[in-house]
Amino acid sequence: MIENSEEVLADPVGMIVRLVGNVEKHLDADRVRGIVCNLVRSRAGRRNLAQALHDNPSLLRTGKPPAPFRVAKLLMALREAGARDTALPHCGECGRPRPYVGSRSGGRWGCSPCFDKPAVCAGCRQQRRVVRRDRHGQPRCAKCPDIDGDPVKELTQLITGLDPALDADTVRTALERATKRPAGQYRLAWAVIERPELLTSAGHEAPTPAVLRFISELVAGGATTVVKPACPRCHGVKALSKLLEGQRICRACFAKHAAVPCARCGAVREPATRDAAGQPLCPTCLIRDPVNLEVCVGCGRRRPVAVRLADGVRCPSCRPKEVQECGHCGRTAPCEMSRATGQPWCERCQQRWVTCNGCGNVAQARGGSFEEPLCAKCTNPDPGFWGRCPVCETTWQLSPRACQRCVLDQRIRGLLGNNTGTIGPELVPFHEALTSAERPDVALAWISRPKVQDMLERIGRDERRVTHDILDDLPAGKVLAHLRSVLVATGALTPRDERLVALEKWITETVQARTDITARRILHGYAVWHHLRRLRRRIGDQHTTQLQDLNVRCHVTAADNFLTWLAAQGLALDACTQADLERWMTDPAFTYRDETGHFVRWSV
C-alpha cells in the first residue's frame with residue numbers, strides 16, 4: 001500500500017489544482033477547483049485522486065490507463081470545460097483518445113466498441129454486438145428484436161386486472177418514473193409478469209431495485225391491492241436498499257448483519273473503512289482519526305467534522321442548532337429532532353436521568369413530558385424500533401455506541417484491572433457496586449475526576465491486597481476519605497475508626513513537633529497514656545464521636561500551649577509555681593482555661 005503524502009491528506013483539492021495548473025494553461029485555478037469539487041464530493045475520493053496524480057503526474061498528458069477511473073472523469077470534465085493541454089482519456093484496449101470512456105475493474109477504462117464483446121444472437125445465431133436481451137435472458141442483435149409480445153402492454157393488463165383502482169395511464173407513468181431506459185422497463189415488466197406476487201407479498205425478492213421503485217409509484221398513485229414490501233428480517237415497511245442472500249433488506253438489518261468489532265474501540269458496528277492492515281474501523285473511529293480532522297470555521301480548532309456548510313466545516317460543538325420549544329420540558333433552547341418522538345428536544349433533556357412514569361425504572365428520558373417522563377421501552381414498546389447496546393445487548397437505544405453503564409465498566413476495568421482487564425478478587429465488590437449504581441452517569445463523572453483516576457490507577461497497579469495501610473500512603477484529602485468510605489461500604493475494606501486513626505496521627509505529629517525531650521515526654525504521656533487510653537476504654541467496640549475527638553484535641557492543644565509558654569519564660573513544668581500560673585492566666589494569649597487546669601492537676 002502506498003503511503004499517503006502529507007499534502008494529499010491535508011489539502012487534496014489544492015494538490016490537484018496545482019498539478020493540473022502545471023499542465024493546463026487555458027483554465028484558471030478557480031475554474032479547475034470548481035470542477036474538482038463538483039466531480040468528487042467525498043474526502044476519500046479527493047484524496048485517492050490526488051494520490052493517483054501525485055504518484056503519476058504524466059496521466060494528465062497521456063491519459064492512458066491503468067489508473068483510477070476518477071482520473072478519466074477528471075480529464076473528460078476538463079476537456080468539456082475548454083481545456084486544451086490536458087489529454088483526452090485513451091482507451092485501454094485500442095489506445096485511441098475518446099471523449100467518453102467506461103470503467104472496468106483493475107483501473108482499466110475503454111470505449112464502448114472495445115468493451116462490448118459480441119455474443120451469439122438468439123435470433124439469427126450469428127456472432128454480433130448485443131443490443132438487448134429478451135425475457136429469457138438471451139442476447140439479441142440490432143437485426144433480431146424480441147417480438148414475443150409487448151411486455152409493457154402485458155404488464156398494464158396484469159396490474160389493472162389485479163388492482164381496479166389503477167388505470168393504464170397510471171401504470172405507464174409509474175413505469176417511466178421507476179426506470180427511464182426501455183431495456184430496464186422490459187426487464188421490470190418481464191419480472192413482474194413472471195411473478196405477480198412481487199406486487200403483493202414477495203416484493204423483498206425483487207430481482208432489480210426498479211421493481212421496488214415501481215411498487216412505490218403504484219402505491220403513490222392510489223393502489224389498494226399493491227403494497228410496499230416489508231423487510232424480511234425486522235418486518236418493518238422501510239426502504240429495502242440492500243441485497244443479502246437473494247433478499248432485499250433494510251439498511252439497519254444489513255448493518256447488524258455486517259457488524260464486527262472495531263479494531264480500535266472494540267464497538268460492534270458495521271465497518272466504515274479498513275486501516276492499512278485491513279482491520280475494520282467503525283464510523284466514529286474513522287471521523288476521529290487524526291488524518292481526517294479538519295479546522296472548524298467556528299472555533300478554529302482541528303476537530304472531527306460534524307457538518308459541512310457554505311462557509312466551511314463545523315465541529316460537533318459548533319454545529320448550528322435551531323432554537324425551538326423543547327417538546328419535553330417546554331423551554332426555548334437550541335434543539336435537535338428526536339428520532340423516537342419526532343419532536344424537538346434540547347441537550348438538557350437528552351442527558352436527563354429520571355424515574356420512568358410508566359415502569360418505575362431509573363433510566364434516561366426518551367419521551368413523555370417533563371413532569372411525566374418515559375424511558376425508551378415505555379416511549380415505544382416495539383422491540384424492532386430500538387437497537388441494543390453493542391456491548392451488553394440489553395439497553396434499548398438508537399445510538400450504536402456503548403451505553404453509559406458499559407462505558408463505566410470499561411473505564412473501571414482500565415483503572416483497576418491488569419493488562420487483560422482482570423480485577424483483583426478483593427476489588428470485585430467495589431467494581432460491582434459502581435457498575436450497578438442507579439445513576440451510571442454520576443459514577444462516570446466521579447471516576448473521571450483527575451484525583452480519583454490517579455488514586456484508582458495506583459490501587460490497580462499495586463500488586464498487594466488493598467488495605468487501610470496502602471491507602472494511608474496515598475495523598476490525604478476528601479477524595480481519599482470518600483474513596484475509603486466507598487471501599488468499606490462495598491466490603492472491599494474492613495471498617496475502621498477513622499476519627500481515632502486521624503486523632504492518633506495528629507497527636508503523634510503534635511508530640512514530634514516539640515524539640516525539648518522532657519516536654520515531649522510529658523506531652524506524650526498526657527496525650528497517649530491518659531487521654532487516648534481513657535478514650536479507648538470508654539468507646540469499646542463503638543467508633544469515636546466528633547465531640548470525643550474534639551475534647552481530646554482541645555486538652556492536648558491546651559497542654560502544648562502551656563508547655564510552650566513555660567519554655568518562653570525559661571521555666572520547666574516541675575519548677576512552675578502558683579505565681580507562674582497566675583501570670584499565665586493574665587497573659588493576653590491565655591486560652592483553654594478549663595483544659596489547662598486539667599493538665600496542671602494531672603501534672604501534680
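Excluded from the calculations below are hydrogen atoms, water molecules and symmetry mates; all remaining heavy atoms, backbone and side chain alike, are included.
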query: Any side-chain heavy atom of Phe214 within less than 4.5 Å of one from Leu155?
result: yes
Between CZ on residue Arg172 and CG on residue Asp167, distance to nearest 0.5 Å: 9.0 Å
Neighbour count >12 (heavy atoms, 6.0 Å) for atom CD, Glu197: yes
statement: Heavy-atom closest pair (Glu245 atom, Arg233 atom, distance to 0.1 Å) is OE1-NH2, 3.8 Å
query: Is the backbone N or O of Ser399 less than 3.5 Å from a side-chain atom of Gln397, with the two atoms forming a donor-acceptor pair by type?
result: yes
query: Rounded to the nearest 0.5 Å, how far does CG of Asp275 lie from CG of Leu281?
result: 5.0 Å
field: Donor-acceptor under 3.5 Å (Arg248 side chain, Pro207 main chain)
entry: yes
Flag for Thr394-Arg405: side-chain donor and acceptor within less than 3.5 Å: no
- request: List the steps and the verdict of side chain to side chain contact (heavy atoms under 4.5 Å, CB included) for Leu88 and Leu75.
  value: CA-CA 6 Å; Leu88 279 171; Leu75 295 177; over 6 Å; no
- request: Decide whether Thr179 and Arg187 meet the rule of one side-chain donor and one side-chain acceptor closer than 3.5 Å.
  value: no
query: Has the side chain of His90 got a donor or acceptor atom that lies under 3.5 Å from a matching backbone atom of Thr62?
result: yes
message: Just checking Gln127: does its CD atom have more than 12 heavy atoms from other residues, nucleotides or ligands closer to it than 6.0 angstrom?
response: yes
query: Rounded to the nearest 0.5 Å, how far does CG of Leu240 lie from CG of Leu212?
result: 5.5 Å
- line: Rounded to the nearest 0.5 Å, the NZ atom of Lys73 sits from the CD atom of Glu80 at a distance of 13.5 Å
field: Residue pair Ile215 / Lys228: nearest heavy atoms and the distance that separates them
entry: CG2-CA, 4.0 Å
- prompt: Salt bridge check: are Glu24 and Arg31 linked by an N-O gap of less than 4.0 Å?
  reply: no
message: Tell me whether Arg96 contacts the main-chain N or O of Cys91 through its side chain, where contact means a donor paired with an acceptor under 3.5 Å.
response: no
query: Between Cys403 and Cys392, which heavy-atom pair has the shortest distance, and what is it?
result: SG-SG, 3.9 Å
- prompt: Got a donor-acceptor contact below 3.5 angstrom from the Asn48 side chain to the Ala44 backbone?
  reply: yes
- line: Correct closest heavy-atom pair for Val291 and Arg302 would be O-NH2, 4.5 Å
query: Looking at Arg264 and Cys285, what are the two nearest heavy atoms and their distance?
result: CB-SG, 3.8 Å
- prompt: For atom CZ of Arg288, is the number of surrounding heavy atoms from other residues, nucleotides or ligands below 6.0 Å larger than 12?
  reply: no
query: Roughly how far apart are Cys231 SG and Arg251 CZ, rounded to 0.5 Å?
result: 12.5 Å
message: Please report the interatomic distance CG(Leu59) to OG1(Thr86), rounded to the nearest 0.5 Å.
response: 12.0 Å
message: Please check this pair: side chain of Arg388 against backbone of Glu393, looking for a donor-acceptor N/O pair closer than 3.5 Å.
response: no
- line: Between Trp109 and Pro68, the two heavy atoms sitting closest are CZ3-O, 3.3 Å
- request: Decide side-chain hydrogen bond (donor to acceptor under 3.5 Å, both in side chains) for Arg269 and Thr284; before the verdict, give the C-alpha distance in whole Å, the side-chain angles of both, and the deciding distance to 0.1 Å.
  value: CA-CA 10 Å; Arg269 299 181 62 184; Thr284 302; 2.8 Å; yes
